[in-house]
Amino acid sequence: MAAGVAAWLPFARAAAIGWMPVANLPMPVAPTEKNKRQDELIILNVSGRRFQTWRNTLDRYPDTLLGSSEKEFFYNEETREYFFDRDPDVFRSILNFYRTGKLHYPRYECISAYDEELAFFGIIPEIISDCCYEEYKDRKRENAERLMDDNEDNKDCKLPNMTFRETMWRAFENPHTSTMALVFYYVTGFFIAVSVITNVVETVPCGATPNQKDMPCGERYTEAFFCMDTACVMIFTVEYLMRLFAAPSRYRFIRSVMSIIDVVAILPYYIGLVMTNNEDVSGAFVTLRVFRVFRIFKFSRHSQGLRILGYTLKSCASELGFLLFSLTMAIIIFATVMFYAEKGSTSSKFTSIPASFWYTIVTMTTLGYGDMVPKTIAGKIFGSICSLSGVLVIALPVPVIVSNFSRIYHQNQRADKRRAQKVQKARLARMRISKTGSSSAFLHSKRNGLLNESLELTQLPYKMNISHQSCSEDGQKLSKTMSLLESQHHHLLHCLEKTTNHEFMDEQLYEQSYLETALQSYPSRSPSLSSQGLTGTCCSRRAKKSSQLPNASAATSGLQELSAINIQCGDPPLSTSRSSLNMRPDDPPRLNCQSGQITTAIISIPTPPATTPDGDGHTLPNPSVQNIVKVSAL
Amino acid sequence: SLCKKPEYVQGEIITNGSKRSLRARLMKLLPCSGAKKPAAQTQNSVEDELELSAVRHRPEGLEQLEAQTRFSRKELQILYRGFKNECPSGVVNEDTFKDIYSQFFPQGDASTYAHFLFNAFDTDHNGSVSFEDFVMGLSILLRGSVQEKLNWAFNLYDINKDGYITKEEMLDIMKAIYDMMGKCTYPILKEETPRQHVEIFFQKMDKNKDGVVTIDEFIDCCQNDENIMRSMQLFENVI
């Protein structure tokens, strides 16, 4: 139950009167407040600053320090107040939590000091309300990162039990871990640069010799360039194979982008080796050499910025697609218009619409080469409209891409996004657990038989007169373990159960029993059930686990059956059950209180579930009970 | 006295609908079309919104409430503090009501029953429950005579307040109660359980078998049923 609405519990209980005329079963007796004390103000002295609040306010959260009896340790007899030697500023937020049900994080507070106070007062940080939770988490993450950065230098020392393979992989990924790795890093970088420069210089025309005309250096110094190329490719191949060997997951490594780039960079060379110098395939061979330029992408291992750029382009795929699409539309429109506008003019360069594409693109991107210009007036008008609109169309998606890039770049500086998601999931899970704790609290207390005592059937007055005293005392003894609020709430839920003649169940048990019910068949119920005076409720479960299967067996209670319901019928098993109820010293008074019940035995405990067999020597249950039996046996 | 009537402002947020004339659209294109008219409108709507959100309600004085209900001063104080804590504006509307009530029944869905309860508490049917309504209702439920309580219960069941409880009304109420149990129950809730329960109820209550239960039949029958009479006294000491 949300403690914030504890004040409305009296209302909810009063509203339960709406169920009473509808219910067929008698209601349990309400828990009484033994010492009905008036709500009192208590004084909390935190390092000299006095806070005052109602005792009820603090009782709302019984699993914190202030809400439980733990605060009695801090009670000061002389001054009749509770003294805490803690920070009064943070205590303000904590006390507000009790008052309003929302925990806020003040931004000026240090995160670790706040955490300490929360831990001291027994409050979990997950219930910080949404308005302050993001801030709290951000600060916490920053703090953790700061601490982590300090530790990271220590972490980079070699762990003694790393295999050679792991060492190698680490050397590849973090070049600054060891000198060897650094050397390797720079060497590969150098060779990448050499390879790229070689490719470029290859095509530069060297000086003309007297006997031959100008030819590119590549054709002049073929062997030299071939040797350089071979050397670079050898280095790259060795590097690739080493990475492949060291990778923790080879399959994943092969699929990664960097390895594909590596392969594409060195493949043309090998293909070139294999292929002969045929005239037919030389065209294809030339094309292959183009792929050598991909070696430049190997630099992205060396540059963080390049990687981010690549990631940005990937993540802005939709914006880029939009840009492309809108450009294409505009190009087609304007090209068509220009073509028809210039169709009339003589010696026009606009020979077809695709030919006009070139003009449109050059104009829209404001390049304006001038190799194609409109000559008619209409053409010039449309041409100017084209160039104006080109500026607009291109200017629109670009800021989006830019902002994306900057966002990703900054995000890369902070902690991993995935870790944040996991934390969010954990937080929601913990909050869900604390919320379902309320419902499971009721089931839990039922299971522990705490409701036994308060399970008074309010039907027979003379029984009440005799036994009410003793029963209520027992009830009070046990309800001490639960706060009054909880016991009242449980009583309310119990009344609902009686009204509808069904009971609440744990979700897992429900799943279990639902499956087994589907398999179980009803004929297994013994027909003798309805003839005996049984009421359709069961509450006294004493064992640890409870699984409720409608597996009727009129067995005696001494069974060690797993998950079977024992239906205690009237007199015959009375003696056995009573004698075996040696756990319960207060049984005799309870006999007066309750009539027979269906009890669910739980598992392997030799002592049976506590039952109160039907009254021996008491009058027969009145006809209303019989009617009830018939209903429940449905 | 401190008596103040609640101010319920039925504010209409003036929306500048999308049905603007062609002329208006053209005017907007020209640079001289100042947004004078829309400004006035938005200002009105802003004021309306402010007023809506600032609906406050102060209850009548303590002495008056003491006279009208059967609670003592101290009890009224405790009730008001709890009430105001949850609803700082002084009135609770149906959604808040449903929300609060649902927190007591985490396993099931208490919103339907809360809806019926809300209608039973909201005696003047103005869509919100003020502290006076709240306390009057509680006074009947907790301190009233058995006759009054049964009257209240009848009023709760009689959804359309026509003086008769029909089977359909009872079925709605019954379904709402069973909804509060949720899904995970033992024995498993079947579709016809509420209907059967309604049948039993009508068998008991409808003496002349005319298909409806009148207030006299209801009170008569309840007074003859010991269980019900006893359970009516159950919540005497709630405050």
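Convention: sequence-line order gives letters A, B, ...; per-chain numbering from 1.
If you measure heavy-atom distances from Lys204(B) to chain A, the contacts under 4.5 Å come from the side chain alone. Neither the backbone nor the side chain of Met229(B) comes within contact range of chain A; no heavy atom of the residue lies under 4.5 Å from a heavy atom of that chain. Within the 4.5 angstrom heavy-atom criterion, atoms from both the backbone and the side chain of Ile177(B) approach chain A.
Taking the ring centroids of Trp152(B) and Phe121(B), they lie under the 6.0 Å cut-off. Aromatic rings of Phe118(B) and Tyr101(B) (six-membered ring for Trp) have centroids beyond the 6.0 Å cut-off, not under it.
The aromatic rings of Phe131(B) and Tyr80(B) stand perpendicular to each other, their planes meeting at an angle above 60°, with 30° marking the opposite boundary.
With sequence neighbours left out, Asn96(A) forms a side chain to side chain donor-acceptor pair (under 3.5 Å) with Arg99(A). Listed by chain and number, the residues in a side-chain contact (heavy atoms from CB on, under 4.5 Å) with Thr193(B) are His502(A), Tyr178(B), Leu189(B), Lys190(B) (sequence neighbours excluded).
A 4.5 Å side-chain heavy-atom check between Phe83(B) and Val91(B) finds every atom pair outside the cut-off. Proximity of Gln68(B) to Glu63(B): side-chain heavy atoms (C-beta onward) are nowhere separated by under 4.5 Å.
Ranking Lys149(B), Lys183(B), Met232(B) against chain A, the residue ahead of the rest is Lys183(B), based on heavy-atom pairs under 4.5 Å. Note: Phe134(B) leads Phe201(B), Phe134(B), Phe218(B), Phe116(B) in heavy-atom pairs under 4.5 Å with chain A.
Legend: salt bridge (charged side-chain N to carboxylate O under 4.0 Å, His left out) pairs involving residues 96-123 of chain B, not counting sequence neighbours, sorted by first then second residue: Glu94(B)-Lys98(B).
Close approach to chain A, defined as a heavy atom under 4.5 Å from one of its heavy atoms, is seen in Leu156(B), Tyr157(B), Met170(B) of residues 154-171 of chain B, taken by number.
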